There are 2 protein chains.
Amino acid sequence: MTATLADVARRAGVSTATVSRVLNGNYPVAGATRERVLDALAELDYVVNGPARALAASSTDVIGVIVNDVSDPFFGIQAGGLQREVAEEDLLAVICNTAGSPSEELKYLSLLLRQRVRGIVLTGGAREDAEHEAATAKLIRQAQAVGTRVVLCGRPAPAGVEAPCVVFDNEAGATALTRHVVEMGHERIGYVAGPRGNTTTTARLAGHRAALREAGIRRAASPIVHGDFSRDSGFDAAMRLSRADGDVTAIIAANDLMALGVMAALRRAGTEVPRQCSVAGFDDLPSASDCAPALTTVRLPLESGARRAGRIATGRDGAEDGDAWLGAELLVRDSVVRPGGRARRAR
Amino acid sequence: MTATLADVARRAGVSTATVSRVLNGNYPVAGATRERVLDALAELDYVVNGPARALAASSTDVIGVIVNDVSDPFFGIQAGGLQREVAEEDLLAVICNTAGSPSEELKYLSLLLRQRVRGIVLTGGAREDAEHEAATAKLIRQAQAVGTRVVLCGRPAPAGVEAPCVVFDNEAGATALTRHVVEMGHERIGYVAGPRGNTTTTARLAGHRAALREAGIRRAASPIVHGDFSRDSGFDAAMRLSRADGDVTAIIAANDLMALGVMAALRRAGTEVPRQCSVAGFDDLPSASDCAPALTTVRLPLESGARRAGRIATGRDGAEDGDAWLGAELLVRDSVVRPGGRARRAR
DNA sequence: CAGCGGATAGAAAGCGCTTACTACGTTGCT
DNA sequence: AGCAACGTAGTAAGCGCTTTCTATCCGCTG
């Protein structure tokens with residue numbers, strides 16, 4: 001089939017050990033010998049056998065990243081940042097898409113575990129389900145036992161697991177956002193939450209409720225519907241919201257993608273945004289700033305958070321510094337105005 | 001560290017061969033023995049060592065997918081479809097993001113090659129560069145030599161490579177689209193092409209030009225600017241287009257993402273779409289149908305094409321049937337109307 | 001009752017690579 | 001001159017698994 005180390009060694013007239021050493025450059029090899037080996041390598045189009053190397057050296061040069069939805073920029077940005085980061089260490093990131101399915105998550109986790117990857121980064125909210133959490137915890141512990149570095153990015157560590165976390169302050173961000181909407185004078189505020197039983201959903205919802213509570217807004221005036229973080233679900237949610245309570249003056253979505261869907265739905269229903277209904281999102285995706293009106297949202301340092309996670313996963317950053325808390329920043333743009341009021345230019 | 005087959009074997013009082021056999025189920029093992037082994041496996045939390053297995057069996061259960069940009073739904077959809085398809089064979093798809101960089105593409109290709117994955121699917125347009133093409137060709141041939149199935153999805157096979165291709169009929173789709181715009185009465189049509197030196201860009205541009213030619217439209221009346229398929233680049237392109245030729249009555253973008261950016265830019269510039277300027281896209285992404293106005297575009301069977309590619313990569317579908325040509329379908333919606341005319345409801 | 005074939009289990013030879021350990025010149029000192 | 005120390009290269013023992021080949025034990029048949 002392909003040339004093996006032994007073939008190369010034979011051709012260069014050296015032992016396999018020597019070839020291995022010029023390949024890895026971790027042991028002195030005389031110039032002339034190295035040249036011969038290099039030539040043989042090239043002549044035979046040698047390609048290392050990854051599994052064999054991994055088996056012998058018991059380590060690989062790949063970092064696995066588990067995401068919920070590759071086509072959601074929220075994850076795309078994180079995956080991209082992580083990739084750039086680990087590439088600097090000459091490692092490769094492979095991204096595994098669970099499509100939001102807990103069982104797929106477990107499947108990929110164990111795939112990565114058995115491939116003995118160097119590190120695993122779990123991104124996005126985790127499912128709040130004791131059974132799934134326990135299963136995840138077990139796999140993570142096993143991974144750690146074989147020396148795989150596991151880091152959590154944007155989700156809490158499951159019970160019983162000791163692992164570095166990069167945490168985004170979803171709750172504080174959500175509180176700041178809702179507080180802003182309230183301060184603009186809204187009293188009937190619809191909320192499009194993420195999928196039930198998801199840690200991110202819960203955190204953002206908690207922040208929202210806290211702001212509502214502190215403003216003394218009645219629950220009945222602030223209907224909550226659930227989406228699944230996709231644009232389409234935001235569209236549907238807006239429909240349900242306006243059908244049930246035609247009188248909300250603002251809709252806050254748990255992420256920008258859904259906010260975009262909400263805006264599309266309102267537009268389609270002939271409701272003018274923001275004059276007749278304000279809209280706010282969360283995440284500050286690139287498209288949030290160039291839609292019309294520009295979306296008021298909360299900025300999460302997704303890219304830098306993911307890079308940080310990548311650095312921990314590759315071992316470049318120590319994990320002992322404790323969790324990395326990354327703050328959220330309220331971004332006031334044009335999609336939230338006083339009820340029935342006029343658009344307000346940002347800045 | 002972790003338990004090995006030998007540990008399990010010892011505990012179950014059998015040989016490693018037997019444990020391997022119950023694990024793989026490809027050889028008869030008596031019921032009672034199997035039970036004992038299963039118990040031992042569970043008690044020790046055994047996890048197979050992927051590299052070791054791959055080395056011994058010289059094959060893995062992963063399919064690699066190379067994409068240009070994970071956060072672009074165009075690829076997200078393909079990655080998703082592929083993943084669902086290979087999951088049915090109990091294989092796992094890992095997706096590698098090149099971020100449009102040819103060198104990353106080569107890097108990932110060789111990573112997958114040396115990992116001896118079962119199959120590799122290369123998606124998206126390829127770079128039109130002899131050197132890069134040759135490098136790609138060489139890697140593909142090497143992969144094939146070690147038994148890796150390589151399939152191209154949405155790009156032509158590099159010169160000198162014999163590999164199954166799933167090809168989308170970009171050119172015909174583009175021609176149909178531009179023809180439609182022309183038939184609506186437009187004579188000054190701006191075109192936002194993809195990045196230079198990309199096979200998809202070239203095919204779509206060729207289709208566009210063919211339609212222009214057949215309609216006898218002068219080149220000068222149909223300015224072309226290049227973007228990079230991202231929404232932001234579409235936004236910029238629209239700016240450049242309207243600055244240079246303020247009088248185009250329609251803008252066709254080489255993909256929906258850029259079309260969305262174009263619409264945003266026009267909106268921001270106070271140009272009403274489609275009354276003052278029609279806009280058309282390509283791909284029929286989910287959001288194309290729910291933006292306002294709904295985007296007239298060309299539908300590409302991305303999901304089914306990717307599934308097909310997945311089936312070939314796993315060996316479920318033979319590759320001998322020759323290339324799979326998948327047609328494009330013109331989707332007339334609301335974003336293209338007669339110049340200066342009124343919106344036309346679709347269907 | 002000898003002899004056979006089927007069903008199971010084990011022994012052992014790798015898969016291709018890394019990495020102690022060992023071996024063998026050279027140098028550089030005292 | 002003699003010995004330590006260094007710079008190189010080779011030997012060979014695995015890494016944890018799969019799989020071929022062989023060995024056993026049965027239940028049957030003739």
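It should be emphasised that the depicted structure is a prediction, and the values quoted were computed from it without experimental measurement. Naming convention: chains lettered A, B, ... in sequence-line order (proteins, then strands); numbering from 1 in each chain.
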Could you give the CZ-to-C1' distance, from A:R36 to D:dT8, as a whole number of Å? 12 Å
For D:dC15, does either OP1 or OP2 sit under 4.0 Å from a side-chain N or O belonging to B:N49? no
Rounded distance (Å) that lies between atom P of D:dA9 and atom CD of A:E35: 13 Å
Rounding to a whole Å, what distance do you find between B:D61:CG and D:dT18:C1'? 15 Å
Salt bridge present between B:E162 and B:R141 (N-O < 4.0 angstrom): no
Out of D:dT18, D:dT19, C:dT8, which nucleotide sits closest to the side chain of B:A30? C:dT8
Comparing nearest nucleotides in DNA chain C, the 5'-proximal residue of the pair A:P51, B:G13 is B:G13
Just the rounded figure in Å: distance from P of C:dG16 to CZ of B:R53. 18 Å
Grab the CG-C1' distance between A:L5 and D:dC15 for me, whole Å please. 15 Å
Counting just side-chain N and O atoms, does B:T33 come under 4.0 Å of either OP1 or OP2 of C:dA9? yes
Looking at D:dG10, D:dT19, D:dA12, which one has an atom nearest to any side-chain atom of A:R21? D:dG10
Could you please name the option among D:dT11, D:dT19, C:dT18 that lies closest to any side-chain atom of A:A57? C:dT18
Distance, rounded to the nearest Å, where A:L44 contributes CG and C:dG16 contributes P: 14 Å
Just by modelled atom types, is the A:A40 backbone N or O under 3.5 Å from a matching donor or acceptor in the A:R11 side chain? no
Would you please confirm or rule out a distance under 4.0 Å between OP1 or OP2 of C:dT18 and any side-chain N or O of A:S20? yes
Both A:N24 and B:T16 contact DNA chain C. Which one's nearest nucleotide lies toward the 5' end? B:T16
Grab the two heavy atoms, one from A:L5 and one from A:T16, that are nearest each other, plus how far apart they are. CD1-O, 3.8 Å
Are A:T18 and D:dT8 close enough that a side-chain N or O sits under 4.0 Å from OP1 or OP2? no
Regarding A:D61 and B:R114, does a basic nitrogen lie under 4.0 Å from an acidic carboxylate oxygen? yes
How long is the line joining CG of A:L55 and C1' of D:dC15, in whole Å? 4 Å
With no angle test and no hydrogens, is the base of C:dA20 tied to the side chain of A:Y27 by a donor-acceptor pair under 3.5 Å? no
Answer yes or no: is there an ion pair linking B:E133 with B:R127, defined by an N-O contact shorter than 4.0 Å? no
Is B:T4 near enough to D:dG16 that one of its side-chain N or O atoms lies under 4.0 angstrom from OP1 or OP2? no
Given C:dG16, C:dT19, D:dT8, the nucleotide with the shortest approach to the side chain of A:A17: C:dT19
B:R116 has an atom CZ; how far is it from atom P of D:dC17, in whole Å? 20 Å
